[in-house]
Each structure stands twice: as structure tokens, then as C-alpha cells.
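Sequence positions, counted from 1, serve as the residue numbers for this chain.
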Amino acid sequence: MKTPKALLPLFHDGIIDAVVSRLQSGKEATVYIVTSGSETRCAKVYKHAQQRSFQKAAEYTEGRKARGSRNARAAGKRTHYGRKVQETEWKNAEVDALYKLYGADVRVPKPFGVFDGVLLMELVLDSDGRPAPRLGEVEMTPTQAVEWHTFMIRQIVRMLCAGLIHGDLSEYNVLIGPDGPVIIDLPQAVDAAGNNNAFRMLARDVNNLRATFGKVAPELLETEYALEIWGLYEAAELAPDTPLTGLFTRDETAADVGAVLDQIEEARREAEARQRGREQAQDDS
């Protein structure tokens, strides 16, 4: 196929030799299959902010640190330079997350570098050597569903131990390779320690997968891994190999509303007494 404009610099620099085909086009980027020497790889070309349809980006970027104090200040402004910084940081987020998670033994595509803003990475193939299908495109047996669900929960734990939450994990951004699931699409990766939405994002990731695998293995629908994992994480007791049960006991103790109201009334009376004391002191002076 004709080389897309965004890939021409990589072609001229000898980083890629040819563009085989377009693999997919999503809300944030278009991915192409390319050749580099004897290797076949993926080239991810990010769309400009005006073209992206990804919503509520601020929820995901909270807690991220821009490179350099000038960039940090500019990112918070709506100037041309500020928007350019935001765009660069959005792209860098996936690159940083991909390298970090690959180094933490999370099952993600192997990265090969970023060239002129284009991310070059491993092309995930199926057992027949074709581009791997998405999780939502494969048929599972109940046994496979339980096995893959267990594996994905462990990957989520590994991600969290590395300080990240995928933030948009579902059947659409998990590929099924010969060795099982592979996680893709990380530009919205959430900083677990610095984002106030972290638990909500984690719970959504976990529960999306629970719903997907639970269609085939209904017993998974009764699990509460999100609450269990987050509880261990907040208690600093979570490690990549921490045993999990999928069980979580909620505090069902009913709140004593009367006692709470009594405390509020007592505090109100004390505040009024203090105020009367201050007023009396002013009158006596």
C-alpha cells in the first residue's frame, strides 16, 4: 500500500522498509503493519486532538507530570504551545506505560522505540501467524474463560504494583495470542497513586472483564476482585504474586443515625456556648 505521510520519515530513515497494510483505526490512533528488515511489526500513528473522540481525558491525565516545569505550566493553559505540550504528553503516556509494563513482565506488546512520534512495537499474532483477534472476537469454553480471567486479574495486579491502571480495559483492547491474552492501547493509563479516580478506573477495568468472561463462566460474576485488590493496595500488602480469592466482605453494619445526630447537636451546642463566651468577654472588656 501507499506509505502514509506520517510514516514517510521512518521509511526515509530506514527504520521501516515497507507498509504492508492498515491493521486498525481507532479513536486515538491508526495502526499499520510494517516490515523492518526481516521483522514484521506494528506502527502506531496517533491522531491529532481534534480528530480523537476519546472523552473525559482530564480524568485520566490527573496526576501525570509533564516533562519540565515550563511544560507543566504550559500544559495547563489553552495556548498553542500548551495544546502542543498536552498532545506530546498524551503520546508519551502510552510509550512510558508500555516500556514500564513490559519491564514489569505484564503481557503487553514489546516496544521497539518511538520515531517522529510514531510508536513501533511488536505485532501480536495468533497461532496461525495472522494478526491476533480481539478478546471479543473469539469463542471461549468455560474452562478458557476462567483461565484467561485468572490471568488477566494477575496482569491487572502487576500493573497496579507498577503504579498504573489501564483505565479503559475491555474485550476491545485485549488480543488473544498463542499464549493467551495480550493487553494493548495504553495512552489513557492512570497514575494509581496520583489520580483521585484511580479506584473507579480499576473497578471498571476489573468489572468489564468480569462481565466478558462471566458470559461463558457465570460463576465469575460473583467475584469481587476490584474491592479485594484495592483493599490490599491501600494497605500496602499487594504484590505481583499476592494470593487472591475474589471474595470481599462488605461492612453491612447499619449506621446509627440517631447517635450521629446526637453528636451533631452536641457539637452545635458547644459551638454556641463558645460563641456566647466570646461575646461576653467582648462586653466585659
Side-chain angles (χ1 to χ4, degrees), residues 56-65 92-111 124 135 143-177 179-214 217-253:
K56 299 182 180 179
E59 292 184 358
Y60 296 86
T61 56
E62 179 183 324
R64 292 182 186 174
K65 296 180 180 179
N92 287 339
E94 175 160 38
V95 176
D96 292 346
L98 191 59
Y99 273 97
K100 188 173 189 176
L101 296 179
Y102 186 77
D105 291 328
V106 176
R107 185 78 67 78
V108 294
K110 180 179 179 180
V124 181
L135 173 60
T143 300
Q144 280 179 322
V146 172
E147 178 184 333
W148 288 349
H149 178 263
T150 300
F151 177 81
M152 286 300 300
I153 291 297
R154 187 55 56 187
Q155 297 304 295
I156 289 172
V157 168
R158 284 187 174 275
M159 292 177 69
L160 187 55
C161 289
L164 295 175
I165 296 167
H166 188 286
D168 194 32
L169 196 55
S170 71
E171 63 188 53
Y172 300 106
N173 40 39
V174 175
L175 302 179
I176 300 299
D179 298 322
V182 181
I183 298 169
I184 61 171
D185 294 339
L186 292 156
Q188 71 293 314
V190 172
D191 182 322
N195 193 308
N196 289 324
N197 302 298
F199 171 66
R200 185 165 59 83
M201 301 294 186
L202 175 78
R204 187 170 64 190
D205 285 354
V206 171
N207 295 338
N208 279 346
L209 294 178
R210 179 180 64 185
T212 296
F213 292 115
E219 65 271 23
L220 296 175
L221 299 176
E222 304 301 319
T223 59
E224 293 284 5
Y225 281 105
L227 292 167
E228 182 184 16
I229 290 169
W230 191 254
L232 291 167
Y233 174 72
E234 286 195 311
E237 296 175 356
L238 187 68
D241 57 353
T242 297
L244 299 172
T245 64
L247 304 175
F248 186 84
T249 303
R250 289 179 169 82
D251 184 3
E252 302 293 346
T253 304

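Taking 4.5 Å as the limit, every side-chain heavy atom of Leu135 sits out of range of all side-chain heavy atoms of Pro181. With a 4.5 Å cut-off on side-chain heavy atoms, Leu164 and Val190 do not count as touching. The closest side-chain heavy-atom distance from Val174 to Ile184 is not below 4.5 Å. The shortest side-chain heavy-atom distance between Ile156 and Val206 falls under the 4.5 Å cut-off. Counting heavy atoms from C-beta outward, Gln144 and Phe213 have side chains that stay 4.5 Å or more apart. In this structure, the side chains of Val157 and Leu244 come closer than 4.5 Å at one or more pairs of heavy atoms.
Residue Leu101 comes nearest to Ala162 through the heavy atom pair CD2-CB, 4.1 Å, listed as atom of the first residue, atom of the second, then distance. Between His149 and Leu209, the closest heavy-atom pair is CD2-O, 4.2 Å. Between Gly177 and Val124, the shortest heavy-atom distance links the atoms CA-CG1, 4.4 Å. Scanning both residues, Val146 and Ala217, for their nearest heavy atoms gives CG2-CB, 3.7 Å. The minimum heavy-atom distance between Pro111 and Tyr102, with the atom names listed, is CD-CG, 3.9 Å. For the residue pair Leu186 and Met159, the shortest heavy atom distance occurs at CD2-CE, 4.2 Å.
Scored by the side chain to side chain donor-acceptor pair (under 3.5 Å) test, Glu147 finds no partners at all (sequence neighbours excluded). In terms of the side-chain contact (heavy atoms from CB on, under 4.5 Å) criterion, residue partners of Val95 (sequence neighbours excluded) are, by chain and number, Tyr99, Val114, Leu119. Evaluation of the salt bridge (charged side-chain N to carboxylate O under 4.0 Å, His left out) rule for Asp205 yields no partner, not counting sequence neighbours. Among residues two or more places apart in sequence or in another chain, the side chain to side chain donor-acceptor pair (under 3.5 Å) test is passed with Thr245 by Glu228. Listed by chain and number, the residues in a salt bridge (charged side-chain N to carboxylate O under 4.0 Å, His left out) with Glu224 are Arg210, Arg250 (sequence neighbours excluded). Shown here are the side chain to side chain donor-acceptor pair (under 3.5 Å) partners of Gln155, two or more places apart in sequence or in another chain: there are none. Under the side-chain contact (heavy atoms from CB on, under 4.5 Å) criterion, Asn208 pairs with Ser170, Arg204, not counting sequence neighbours. With sequence neighbours left out, the side-chain contact (heavy atoms from CB on, under 4.5 Å) criterion links Ala203 to Phe199, Asn207, Ala226. The side chain to side chain donor-acceptor pair (under 3.5 Å) test applied to Thr223 returns no partner, not counting sequence neighbours.
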Sequence neighbours excluded and cut-off under 3.5 Å, please list the side-chain donor-acceptor pairs for residues 232-241, or say none.
{"unit_1": "Glu234", "atom_1": "OE2", "unit_2": "Trp230", "atom_2": "NE1", "d": "3.2"}

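A donor-acceptor pair under 3.5 Å is formed between the side chain of His166 and the backbone N or O of Asp185. With hydrogens and angles disregarded, a donor-acceptor distance shorter than 3.5 Å links the side chain of Arg107 to the backbone of Asp179. Checked by atom type and distance alone, the side chain of Asp191 pairs as donor or acceptor with a backbone atom of Gly194 at under 3.5 Å.
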*Do Asn173 and Ile183 pass the side chain to side chain contact (heavy atoms under 4.5 Å, CB included) test, and can you show the C-alpha distance, the side-chain angles, and the key distance before you say yes or no?*
CA-CA 6 Å; Asn173 40 39; Ile183 298 169; over 6 Å; no

*Residue pair Met201, Asn195: steps toward the side chain to side chain contact (heavy atoms under 4.5 Å, CB included) verdict*: CA-CA 10 Å; Met201 301 294 186; Asn195 193 308; 5.5 Å; no

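Rounding to the nearest 0.5 Å gives a distance of 13.5 Å between CG of Asp105 and CZ of Arg154. Ile229 contributes atom CD1, which lies 10.0 Å from atom CD1 of Ile165 (distance to the nearest 0.5 angstrom).
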